[in-house]
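The block underneath contains the structure these notes are about, expressed in structure tokens.
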Amino acid sequence: MATERRQNSLLSNALPLDFFQDDVLRVAPLLLGKYLVRKLSNGAIKRSKIIEVEAYRGEEDLACHASKGKTKRTEVMYWQGGHIYVYFIYGMYYMLNIVTGKEHCPQAILIRSTEEVKGPGRLTKFYEIDKTFNGKVLSPENGLWIENNLEKVEYYTTPRIGVEYAKEWKLKPWRYVAKNYW
DNA sequence: GCGTCGATCTAC
DNA sequence: TAGATCGACGCG
């Protein structure tokens, strides 16, 4: 099983889970330009460069769901980096996040856009990602992973979108946007 | 149990 | 700029 996973990872060039087990502010910009890959149950593969992400960091960050502490919904954020955190919002959209950091340190990266699809709600719809991915790890056998890309990507930062309620935390420049893809 | 509101998107 | 639409959360 572990061998099979390693082989799959090599074949697919998937990023290993320990890539995500570092501070979210270091990992988030590194995801820009890398490939989000989704293998559907019918075998079809969708693969596109990530061009926009946001970092959510710890219980102190009022924009982060973990600011409410560990609950049924936020539990996955406390797991170690490489897990998938998907939640439902506005009664109709799923948001795709990648957990980062070590166990017990709630952090995650919201994947907002790829070259193909702009916007986090439209993204999960396009890649057919829903609640069933919540708590799984990024891997080819789970049908969702991220592939490396050595290309260097230029980016800029801005405050995060849609977190007006987060007091001084709304100003943190934790949205990362790749240049030259818009 | 009930009211509020959200890491969004679309159409008017 | 409002409406869709529902689960998580806080309050009691």
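Protein chains get the first letters and strands the later ones, always in sequence-line order, with residue 1 at the start of each.
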* Asked: Where along nucleotides 4-12 of chain B does protein come under 4.0 Å, by heavy atom, of base (B) or sugar-phosphate alone (S), with - for untouched nucleotides?
  -> --BBBSS--

* Asked: When you measure from the side chain of A/S48 to the backbone N and O of A/E116, does any donor-acceptor pair fall under 3.5 Å?
  -> yes

* To the nearest 0.5 Å, what is the distance between OH (A/Y87) and OH (A/Y94)? ->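 Answer rounded to 0.5 Å: 13.0 Å.
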
* If you draw a 6.0 Å radius around NZ in A/K102, do more than 12 non-hydrogen atoms from other residues or ligands fall strictly inside? -> no

* Identify whether the distance between the nearest side-chain nitrogen and carboxylate oxygen of A/E147 and A/K34 falls below 4.0 Å. =>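 No, this pair does not count.
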
* Ion pair check, A/K49 and A/E151, cut-off under 4.0 Å -> yes

* **Identified pairing partner of C/dT5, criterion: Watson-Crick or G-U wobble below 3.5 Å** => none

